[in-house]
Amino acid sequence: MNVEIELGALKGDVPLPCQQGCDTCGKGCHVEVLLRPDDVVHDDASALKAEVVRKTFRGGDFIYTLRLDSGREVLALVPSHHDHAVGEKIGIRLDADHVITFPTDERRARIPLKAA
């Protein structure tokens with residue numbers, strides 16, 4: 001399944017409970033995508049830019065909280081020699097090997113819960 005997000009297109013597993021896949025049902029459902037900080041890569045050459053809103057030093061790395069044009073925030077794990085200031089825009093790109101998706105809150109509300 002392809003998932004389109006603001007950072008680009010991803011390939012991932014079909015989220016439960018939708019087992020038939022988007023090509024079959026044709027609804028184009030909305031999902032939440034889990035990105036790890038190491039999935040968002042600092043890349044000066046990238047046309048995609050994000051604003052540094054927070055940064056945390058972790059020895060050899062910084063964890064940057066980045067604001068996208070939409071206002072959404074993502075985390076990026078960046079080597080510490082890329083020491084950018086809060087408020088600066090930096091180039092980023094996706095490098096996600098494993099994509100995890102979840103139904104949005106709207107779909108989650110319609111999923112019947114089973115008693116254990």
Side-chain angles (χ1 to χ4, degrees):
M1 159 183 82
N2 286 329
V3 177
E4 294 286 331
I5 64 172
E6 187 173 356
L7 299 174
L10 299 167
K11 283 198 170 285
D13 295 329
V14 176
L16 292 175
C18 180
Q19 293 295 319
Q20 59 187 338
C22 294
D23 292 337
T24 302
C25 85
K27 291 181 183 176
C29 300
H30 294 272
V31 294
E32 296 289 329
V33 177
L34 174 69
L35 291 176
R36 296 180 355 187
D38 55 331
D39 292 337
V40 180
V41 177
H42 177 271
D43 183 353
D44 287 325
S46 176
L48 180 61
K49 306 291 183 196
E51 179 186 356
V52 177
V53 292
R54 280 184 298 285
K55 69 180 191 179
T56 304
F57 182 65
R58 295 191 36 151
D61 301 298
F62 282 106
I63 293 185
Y64 286 117
T65 302
L66 303 171
R67 183 175 296 123
L68 305 173
D69 286 342
S70 68
R72 285 186 183 253
E73 293 183 352
V74 296
L75 299 177
L77 184 66
V78 178
S80 62
H81 63 274
H82 294 285
D83 187 5
H84 295 282
V86 170
E88 186 176 347
K89 286 211 169 194
I90 64 171
I92 58 171
R93 65 178 167 78
L94 278 177
D95 187 17
D97 292 331
H98 184 74
V99 179
I100 299 172
T101 60
F102 301 94
T104 60
D105 288 339
E106 179 183 306
R107 284 196 46 213
R108 214 177 281 136
R110 289 189 247 144
I111 299 169
L113 300 175
K114 294 182 181 178

About how many Å separate [atom2] of [Y] and [atom1] of [X], when rounded to the nearest 0.5 Å?
{"X": "Asp43", "Y": "Ile92", "atom1": "CG", "atom2": "CD1", "answer": "9.5 Å"}
{"X": "Lys49", "Y": "Leu66", "atom1": "NZ", "atom2": "CG", "answer": "12.0 Å"}
{"X": "Arg67", "Y": "Arg54", "atom1": "CZ", "atom2": "CZ", "answer": "8.0 Å"}

Give the cluster check for [X] versus [Y]: same hydrophobic cluster or not, with ILVMFWY residues linked at side-chain heavy-atom distances below 4.5 Å.
{"X": "Phe62", "Y": "Leu75", "result": "no"}
{"X": "Phe57", "Y": "Leu77", "result": "no"}
{"X": "Ile63", "Y": "Leu35", "result": "no"}
{"X": "Val40", "Y": "Leu68", "result": "yes"}
{"X": "Leu94", "Y": "Tyr64", "result": "yes"}

- Could you check if a side-chain atom of Asp44 sits within less than 4.5 angstrom of a side-chain atom of His42, using non-hydrogen atoms only?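 In short, these two side chains touch, coming nearer than 4.5 Å.
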- Query: Hey, does Val52 have a side-chain heavy atom less than 4.5 Å from the side chain of Ile90?
  - Reply: yes
- Item | Residues Thr65 and Glu73: side-chain donor-acceptor under 3.5 angstrom |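 Checked: Thr65/Glu73 side chains show no N/O donor-acceptor pair below 3.5 Å.
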- Task: Using a strict 4.0 Å threshold on nitrogen-to-oxygen distance, state whether Asp83 and Lys55 make a salt bridge.
- Result: yes
- Task: Check the pair Val78 / Asp61 against side-chain contact (heavy atoms from CB on, under 4.5 Å), numbers first and verdict last.
- Result: CA-CA 5 Å; Val78 178; Asp61 301 298; over 6 Å; no
- Task: Keeping the roles fixed (side chain from Asp39, backbone from Arg36), state whether a donor-acceptor pair exists under 3.5 Å.
- Result: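 Yes; at least one donor-acceptor contact below 3.5 Å.
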- Item | Side-chain (Ser80) to main-chain (Gly60) donor-acceptor, under 3.5 angstrom |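 Flag set: sc Ser80 to bb Gly60 pair under 3.5 Å.
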